[in-house]
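One structure is given below, encoded as structure tokens.
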There are 2 protein chains.
Amino acid sequence: MPHLSSNADRPDPAELDPQNAAGDTGTLGKAVALLDLVARADMPPRFTDLLKQTGQPRGSLHRQLRHLVLEGLIDLSPDGVYTPGLRLLQFASRAWARNSFRLVAEPHLTRLHETTGETVHLGVLRDCEIVYLDKIESRQAVRMHSQVGNSAPAYCTGVGKVSLSCLSDEDLHRRCARMTFDAYTQATLTDAAALLAEIEKIRSRGFAYDLEEHQPGIRCVAASIHAPAAGIVGGISVTAPAFRAGPEQLEAWAGPVCAAASAIVADIARRLGPRR
Amino acid sequence: MPHLSSNADRPDPAELDPQNAAGDTGTLGKAVALLDLVARADMPPRFTDLLKQTGQPRGSLHRQLRHLVLEGLIDLSPDGVYTPGLRLLQFASRAWARNSFRLVAEPHLTRLHETTGETVHLGVLRDCEIVYLDKIESRQAVRMHSQVGNSAPAYCTGVGKVSLSCLSDEDLHRRCARMTFDAYTQATLTDAAALLAEIEKIRSRGFAYDLEEHQPGIRCVAASIHAPAAGIVGGISVTAPAFRAGPEQLEAWAGPVCAAASAIVADIARRLGPRR
DNA sequence: AACAGAGTTCCATATATCGGAACAACAGGA
DNA sequence: TCCTGTTGTTCCGATATATGGAACTCTGTT
């Protein structure tokens, strides 16, 4: 089990790049950093834009981009702008379709949606962000996939906070140190102390609220899904507009949400147990 | 001009890998090949599985995997199996949300769906495959995103064939040579000659049919979206079960489909024109 | 024409990767 | 219990690869 315990006295693998907390990944690291720039950009960047942002020499950048284009991870339009490549979609599509966590959770999400009648989310903690793995909307008016794969800060979402509450204090503090707190709304927790206090409450309560902390007018109740043996830290939530989600209503939803979360954890254990 | 003439006697840079026809992309190429293996696998592979499939030495493979894991492109479960990473979803989500082709096409897809009442697809040609960029289903019963990002062979789908018909003969033949023809149904075109003949018909007709060539019982009409200035080769289609899509019905849909495709091309030109 | 900006190519050098082999961890079998 | 095969991880010299500075091309501008 101590498959990661070996690094006892290592001071810090990489503290230069606050963005990417990972250790040195050499060539690949630069490539995905570049990919990230292209994917994050609001407007498709041209060569020179990337040149400024990365600060790399022309030749290197050019080669890296060429490789990424050849691999289909980035597209180069005839007018010289770089856009994320289609191959990313293919990869993600497969990743999503076969994600066993999502597959196990799906029926429970559906059931939860049926009992509450509101939007249900499934999210996973990745670094300091929540990545939404699945979503069942109450009204199909808005495009569904607009959310799947999306990510949001952990500190201001129900699923995010409840996921953080599963972590060890050590891990929790480490991640908090890396967060940047933006005040999305008036209710957003804007510093680590407030977040830690909130997490203590969540721990004793057993589930989390999001009271318009990320989007004004949107509230939710979230329960954690923690399966260390499967390497899963995430959660589910029921989300609704504020006028439909008063305090007593939210509390009423907490039961079903927690029940669904427990059921998912149980299913994961069942799937994982008899393996091999 | 002689920018590659230095290597006069080297037999051939890369003829080992018939799968990937791209030029040498060095380290990155190996990394994404590995990622591809993990993403394609039906069951999440363990280290040894990958060792066999890649034929690489242990040390090298181990380092590559570690880098991919550190970058979040691959997840390593505690039980030692490798699964596609969440970061792929994040990348794809952004790529999809900002894809200007999709954004431009969306209103036209909606309109086409309203006029026909059937499922509408938007696809882009990538190598010899069609990647579905968007989809509007007639019945929401089935999960929508199950298709977005999915890919299918070009030779047996409506959007695929009509996209191929836009290419130059030279390009077309080159791609045909790389295809492997599987008979998905009895109607599937199973060799290059049949495909080329079909494409000639499509060119003169102006649109393509898929008469249960990919999935039994599913037919469609597709029109191409070709905008060389934007580097776009793709198409849209209206898809329906065979019993609802008789010959006369399909022909009736052809008009709206072609009209929508033309409108999209026009919109693309409009967007692309005043740029810069 | 001359210029500036953007993009591409070249080449010596530093560096990351390679791949073999040794090293751990763990399983079952005798 | 000890052995033995399987699986996964780490190390290190040789080598192939990426690096980055500079030269070069092409386009549109003054």
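To find a chain, count down the sequence lines: A is the first, B the second, and so on, and within it residues start at 1. Here the structure is a predicted model, which means the values were calculated and not measured.
- Using a 4.0 Å cut-off, some side-chain N or O of A:Gln64 falls inside it from OP1 or OP2 of D:dT19.
- Nearest-nucleotide assignment on DNA chain C puts the 5′-proximal partner with A:Arg63, out of A:Lys30 and A:Arg63.
- If you take CZ of B:Phe47 and P of C:dA25, they are 17 Å apart, rounded to a whole angstrom.
- The main-chain N or O of B:Val162 is never found under 3.5 Å from a side-chain atom of B:Arg203 such that the two would form a donor-acceptor pair.
- Of the possible polar contacts, none joining the B:Ser224 side chain to the B:His226 backbone as a donor-acceptor pair under 3.5 Å is found.
- One interatomic measurement links the two molecules: CG of B:Leu61 to C1' of D:dT7, which rounds to 13 Å at whole-angstrom precision.
- Listed candidates were C:dC18, C:dA6, D:dG20. Nearest to the side chain of A:Thr48 is C:dA6.
- Rounded to whole Å, atom C1' of C:dA6 lies 14 Å from atom CG of A:Asp79.
- Between B:Leu196 and B:His173, some side-chain heavy-atom pair lies under the 4.5 Å cut-off.
- One side chain, B:Asn150 or A:Ser93, offers a donor N or O that lies under 3.5 Å from an acceptor on the other.
- Within the 4.0 Å cut-off from OP1 or OP2 of D:dT9, at least one side-chain nitrogen or oxygen of B:His62 is found.
- OP1 and OP2 of D:dT17 both lie 4.0 Å or more from every side-chain N or O belonging to A:Thr27.
- The nucleotide whose nearest atom lies closest to any side-chain atom of A:Arg58 is, among C:dG19, D:dA18, D:dA23, D:dA23.
- The NZ-P distance, from B:Lys52 to D:dG8, rounds to 10 Å in whole Å.
- Looking only at distances, a side-chain donor or acceptor of B:Asn99 sits under 3.5 Å from a matching main-chain atom of B:Phe101.
- Spacing between atom CG of A:Leu51 and atom C1' of C:dT8 amounts to 13 Å, rounded to whole angstrom units.
- What separates CZ of B:Arg46 from P of D:dT9 is a distance of 10 Å, to the nearest Å.
- Residue A:Ser60 is in base contact, counting any heavy-atom pair closer than 4.0 Å across all strands shown.
- With rounding to whole Å, B:Arg66 atom CZ is found 10 Å from D:dC11 atom P.
- Distance A:His67 NE2 to C:dT17 P: 13 Å, rounded to the nearest Å.
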